[in-house]
Amino acid sequence: MDGRPTLRRRKLGRLKRRPEFLAVAGAKRKWAAPGFILQARRHDDRFHPAPGESELRLGLTATKKIGGAVVRNRARRRLRAAAAAVLPGHAAPGHDLVLIARSGTLTRGYADLLADLATGLRRLGLWQDGADPP
RNA sequence: CCAGACGGUCGGAUGACCGCUCUUCGGUCCCUGAGGCCGGAGGGAGGAAAGUCCGGGCUCCACGGAAACACGGUGCCGGCUAACCGCCGGCGGGGGCGACCCCAGGGAAAGUGCCACAGAAAGCAAACCGCCGGCCGGUCCCGGGUAUUCCCUCCGGGCCGAACGGCAAGGGUGAAAGGGUGCGGUAAGAGCGCACCGCGUCGCCGGCAACGGCGAUGGCAGGGUAAACCCCACCGGGAGCAAGACCGAAUAGGGGUGGCGGAGCCGGCGAACCCGAUCCAUCAGGGCGGGGGCGGCGGCGGGCGCGUUUCCGCGUUGCCGCCCGGGUUGGUCGCGAGAGGCGUUCGGUAACGGACGUCCCAGAGGAAUGGUCAUCCUUCGGGAUUGCCGACAGUCGGCAGUAUCGGAGACAGAACCCGGCUUACAGACCGUCUGGCCUC
RNA sequence: GAUCCCGUAGCUCAGCUGGUAGAGCACUUGACUUUUAAUCAAGUGGCCCUGGGUUCGAAUCCCAGCGGGAUCA
């Protein structure tokens with residue numbers, strides 16, 4: 001126990017407000033994969049985590065275009081699981097990330113989804129080596 | 001065995017690893033709080049959670065009331081239910097060989113409207129073609145009388161025409177034409193008469209009733225449309241958990257400007273300003289009286305709002321345009337023990353109700369209830385080895401089918417809760433019944 | 001979550017007291033003009049969102065569904 005369990009587990013923060021999503025989309029840093037679209041934005045004075053919140057925050061978007069509530073929920077869950085597996089060990093802190101689901105989110109294999117996510121982080125210059133979480 | 005009708009149940013299973021959220025227990029940290037973290041135990045989507053089409057609970061508003069009107073809804077009868085446009089049973093009509101299914105199914109002699117085109121006529125009884133009758137006329141034809149013959153004239157018949165009268169069978173139009181079919185009847189016809197069917201009225205019987213059965217009688221009167229207005233009976237105050245309450249924050253929810261209108265009456269208070277007398281004072285100024293009337297207060301009245309009207313009650317009261325600024329994004333409650341689920345039993349044809357026992361069964365908030373893998377199950381496609389059949393025999397074709405490979409597993413995600421309706425849905429299973437075929 | 005509105009020609013809309021659906025723009029053809037534009041004349045174009053019902057007859061009335069849009073703290 002190091003006394004800072006929050007950082008030890010590197011829990012992901014979440015984006016909740018519409019202006020935060022718009023700010024990330026407005027940063028113009030994005031990369032499209034068959035299963036999702038990845039957007040990223042470095043923190044600044046206008047949008048940054050609250051004190052005590054994680055240094056890495058994630059937002060998920062699934063529009064009505066890809067299907068009904070069942071399809072949107074499944075897509076969001078797969079993206080959340082993939083992000084929980086990859087981001088805490090490899091994504092550079094100090095950023096907000098947004099994953100947008102698309103129609104391929106449900107048909108893409110899970111291993112491919114993880115690989116796509118790593119590739120996306122490298123393309124946007126956010127990759128850092130680190131131990132994979134247990 | 002095949003085809004079908006109705007009702008009901010389920011709607012992938014198991015395991016491993018990694019996660020989310022709620023409840024609870026224990027530990028730990030401090031910034032002591034409804035806190036963070038760690039660990040244990042337990043719970044965690046549906047029959048439709050959907051569409052938001054009805055009905056309620058709950059909350060706020062109008063809650064002072066009432067009556068009438070208006071508006072909306074429902075509509076065979078009886079029952080069930082907290083209630084309903086729901087459900088159950090029955091009746092009537094329609095469909096099916098049948099099990100069974102479908103139907104907004106009150107009133108058209110309370111009144112109004114509409115029924116295009118066509119047709120003579122669309123609602124009130126009338127008559128276009130037509131059928132019939134006698135009379136009159138035409139003198140076209142035939143027969144007869146008179147006469148030798150013809151003309152003329154007379155009688156009868158046919159034909160044609162006009163008006164009159166009788167009829168509604170037939171033709172034709174239409175979705176629909178004032179009962180239908182048949183026989184008699186007649187100048188021709190007609191409920192004119194008769195039989196059957198339909199319809200109306202009356203009586204009796206059965207039924208709580210809708211309605212049904214039987215008999216008598218009338219002699220056809222009363223076309224359709226009320227998912228046209230309407231009439232009758234019954235029901236309904238409005239809005240909705242983004243309801244609403246608390247906490248936190250804030251001086252407050254406003255401010256500036258332009259235009260229009262000059263914003264009722266009365267009473268009292270009354271700033272700026274003006275006037276007067278001249279009191280105090282060196283001046284500034286203060287005091288007194290009058291005018292003035294910003295802005296408040298009270299009363300009456302008016303306008304507007306509470307669906308309309310009446311009596312009454314409450315609230316509000318310059319209007320409009322443009323510009324600026326603030327707030328609303330926060331937290332907690334509401335928020336799950338309920339018209340609750342399951343089982344047994346009793347009453348009831350049933351919907352449903354009673355009693356007893358037992359259980360506690362989701363509470364998220366960019367929105368949890370999952371992600372990945374493996375095995376099994378179901379199903380689809382390919383398919384060796386193998387079996388059967390046929391041709392033929394070194395082989396080929398068909399059917400069945402194992403190992404095995406690949407794919408798919410529907411419709412769909414709680415958002416305050418409940419009862420229904422409607423819509424979507426791969427497949428599996430159970431029960432009852434109907435029609436047909438085969439065997440005993 | 002709740003409330004409300006609308007689906008008609010290629011586009012924008014009428015028609016909604018039931019009786020075979022119209023306007024403007026667009027398109028095609030012709031005239032005028034050296035040609036184009038403009039103008040004039042004529043013409044084409046519709047399962048009236050879908051399904052069922054009432055009615056002799058439905059874009060219109062009733063019921064159910066599908067699609068689109070707006071508003072509410």
Side-chain angles (χ1 to χ4, degrees):
Chain A
M1 300 300 170
D2 56 5
R4 300 179 64 191
T6 303
L7 291 186
R8 185 182 67 81
R9 297 195 60 244
R10 309 193 75 144
K11 195 172 175 179
L12 288 171
R14 292 217 330 262
L15 299 181
K16 293 186 177 180
R17 300 197 203 295
R18 177 172 167 79
E20 296 172 340
F21 280 81
L22 293 178
V24 175
K28 307 286 192 199
R29 294 179 66 187
K30 67 173 188 178
W31 183 75
F36 56 85
I37 297 171
L38 177 65
Q39 295 177 329
R41 182 179 189 276
R42 182 181 294 276
H43 294 156
D44 59 14
D45 292 338
R46 274 179 61 82
F47 292 101
H48 56 82
E53 197 179 354
S54 169
E55 281 297 302
L56 188 63
R57 298 192 300 177
L58 176 69
L60 296 169
T61 298
T63 67
K64 247 181 185 172
K65 197 171 68 178
I66 67 169
V70 175
V71 173
R72 277 180 282 140
N73 282 343
R74 281 184 56 83
R76 242 192 322 255
R77 284 163 184 160
R78 294 197 78 195
L79 292 181
R80 185 181 298 131
V86 173
L87 297 186
H90 298 293
H95 288 82
D96 288 339
L97 301 176
V98 168
L99 284 172
I100 302 174
R102 51 198 310 191
S103 55
T105 305
L106 295 185
T107 55
R108 189 82 168 157
Y110 186 66
D112 293 332
L113 217 52
L114 296 179
D116 290 343
L117 196 52
T119 306
L121 289 175
R122 288 196 185 90
R123 289 292 184 88
L124 298 184
L126 301 176
W127 178 265
Q128 65 178 17
D129 288 324
D132 283 328

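Per chain, numbering begins at 1; letters A, B, ... match sequence-line order. This structure is a prediction, so every number in the text was calculated from the model and none was measured.
- Of the residues near RNA chain B, A:T61 and A:V70, the one whose nearest nucleotide (by heavy atom distance) lies more toward the 5' end is A:T61.
- B:G98 and B:G191 are spaced 38 Å apart, taking the P atom of each and rounding to whole Å.
- Here, B:C405 and B:A384 have their C1' atoms 12 Å apart, quoted to the whole Å.
- As the counterpart of B:G44, B:C20 is assigned, both hydrogen-bonding distances of the Watson-Crick or G-U wobble pattern falling under 3.5 Å.
- Nucleic acid contact for A:R72: none, since no nucleic acid atom lies under 4.0 Å from a heavy atom of the residue.
- A gap of 11 Å separates the P atoms of B:C399 and B:G382, to the nearest Å.
- Pair check for B:G357 finds B:C342; Watson-Crick or G-U wobble, both atom distances under 3.5 Å.
- Anti is the glycosidic conformation of B:G291, whose angle departs from 0 by more than 90°.
- The same atom, C1', is picked in B:C425 and in B:G398; the two are 39 Å apart, to the nearest Å.
- The side chain of A:N73 has B:G413 as its nearest neighbour among B:A367, B:G413, B:G371.
- In the interface, the side chain of A:R77 is paired with the base of B:G413 through a donor and an acceptor atom under 3.5 Å apart.
- Comparing the C1' positions of B:G224 and B:A177 gives an interatomic distance of 13 Å, to the nearest angstrom.
- The A:R78 side chain lies nearest to B:G371 when the options are B:G371, B:G413, B:A367.
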